[in-house]
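Everything on this sheet refers to the single structure shown next.
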Amino acid sequence: MRTALMMVMAAALLAGCNDEEPTAADIEEGYRNLVKVNMERALADYGTRDNMPPILVGMIETTAKVELTGCEKEDEDTGFVCLYNMTPINGANVMLDEIPDVKARVYQGDLGWMVKEIKE
C-alpha cells in the first residue's frame with residue numbers, strides 16, 4: 001500500500017515536469033507569481049502593507065493579459081524565451097496600454113511559472 005501511494009505521488013510530481021512550451025495563461029500566472037515574490041520583498045522592507053507607499057503597492061500588484069506570439073526552449077535548458085504582446089493590469093484592476101513584442105524568460109520556479117522580462 002505504501003509503495004503504491006509513493007508511486008502515485010511520484011507520478012503526480014512528474015506530471016508537472018515537462019518540456020511543453022508555456023501558454024499565454026502560464027505567462028499570466030508567471031506575472032501573478034511575480035506579484036507574490038515582490039510583495040514578500042516589500043513587506044520585508046516596510047513591515048506592513050500599510051507602511052508602503054500606495055504607488056509602490058500599485059506597481060507591485062500589476063499583472064498582465066498576454067497575447068502569445070511564441071516560445072523557444074532556452075539553450076541552457078532552464079526554461080523558454082517567449083515573445084508576446086502584454087496588456088498590463090494595474091493594482092486597481094485597470095487595463096493599461098498594450099506593450100507589443102515583449103521578450104521574456106519563462107521558467108518553472110518554486111511558485112510555478114515565473115517571468116523575467118529581457119531588456120534589449
Side-chain angles (χ1 to χ4, degrees):
M1 176 77 167
R2 184 175 179 187
T3 303
L5 178 60
M6 288 174 60
M7 289 176 64
V8 169
M9 289 175 57
L13 287 172
L14 290 174
C17 301
N18 58 51
D19 288 335
E20 290 185 30
E21 290 183 7
T23 64
D26 294 331
I27 297 170
E28 291 168 0
E29 174 191 331
Y31 279 103
R32 289 189 300 274
N33 289 335
L34 191 58
V35 168
K36 294 175 190 174
V37 168
N38 288 334
M39 187 58 76
E40 281 183 22
R41 290 178 181 159
L43 286 170
D45 288 342
Y46 289 93
T48 68
R49 184 185 172 107
D50 291 338
N51 291 337
M52 291 182 212
I55 188 86
L56 177 62
V57 173
M59 288 188 301
I60 289 172
E61 291 182 338
T62 298
T63 59
K65 177 78 177 132
V66 170
E67 181 185 317
L68 182 61
T69 302
C71 297
E72 292 183 7
K73 188 84 172 139
E74 281 188 313
D75 292 337
E76 298 86 31
D77 199 34
T78 56
F80 297 85
V81 174
C82 298
L83 184 66
Y84 51 90
N85 297 331
M86 174 182 80
T87 303
I89 304 168
N90 71 15
N93 208 28
V94 174
M95 292 183 105
L96 306 175
D97 292 337
E98 180 181 89
I99 302 170
D101 302 323
V102 175
K103 187 175 181 181
R105 181 173 168 260
V106 181
Y107 60 97
Q108 286 284 337
D110 292 340
L111 297 175
W113 287 104
M114 299 298 292
V115 174
K116 182 173 183 181
E117 294 175 11
I118 299 169
K119 184 174 180 171
E120 293 188 306

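Predicted model, so just to flag it, every value in this text is computed and none were measured.
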Are side-chain heavy atoms of [X] and [Y] found at a separation under 4.5 Å?
X: W113; Y: Q108; answer: yes
X: T87; Y: E67; answer: no
X: P53; Y: Y46; answer: yes
X: T78; Y: R105; answer: yes
X: V106; Y: C71; answer: no
X: E21; Y: L68; answer: no

List the atom of M52, the atom of V57, and the distance in Å for their closest heavy-atom pair.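 It is CB-CG2, 3.7 Å.
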
Applying side chain to side chain contact (heavy atoms under 4.5 Å, CB included), run through E98 and K65 and close with a yes or a no. CA-CA 9 Å; E98 180 181 89; K65 177 78 177 132; over 6 Å; no

Checking E28 side chain against V66 main chain: does a donor-acceptor pair fall under 3.5 Å?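 Yes, because the side chain of E28 sits within donor-acceptor range (under 3.5 Å) of the backbone of V66.
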
Using atom types as modelled and distance alone, determine if a side-chain donor or acceptor of N33 lies under 3.5 Å from a backbone N or O of G30.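 No: the side chain of N33 does not pair with the backbone of G30.
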
D101 vs N85, side chain to side chain contact (heavy atoms under 4.5 Å, CB included): CA-CA, chis, key distance, verdict: CA-CA 5 Å; D101 302 323; N85 297 331; 3.9 Å; yes

Following the transitive rule for hydrophobic clusters with a side-chain heavy-atom cut-off under 4.5 Å over Ile, Leu, Val, Met, Phe, Trp and Tyr, establish whether I60 and L96 coincide in one cluster.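 They do not share one cluster, since no chain of ILVMFWY contacts under 4.5 Å joins I60 to L96.
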
Do the side chains of M39 and L56 join up, straight or via other hydrophobic residues, at under 4.5 Å, putting them in one cluster?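 Linked within one cluster.
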
Take atom CG in N51; do more than 12 heavy atoms of anything else shown fall under 6.0 Å from it?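 Buried by this count: over 12 neighbours within 6.0 Å.
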
Please check if atom CG in D45 has more than 12 non-hydrogen atoms from other residues, nucleotides or ligands closer than 6.0 Å.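 Enclosed.
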
So Y84 and Y31, would you call those rings parallel, tilted or perpendicular, with 30° and 60° as cut-offs?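 The rings of Y84 and Y31 stand perpendicular, inter-plane angle above 60°.
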
Could you give the distance from [atom1] ([X]) to [atom2] ([Y]), rounded to the nearest 0.5 Å?
X: M86; Y: I99; atom1: CE; atom2: CD1; answer: 3.5 Å
X: E40; Y: L43; atom1: CD; atom2: CG; answer: 8.0 Å
X: L34; Y: K116; atom1: CG; atom2: NZ; answer: 10.5 Å

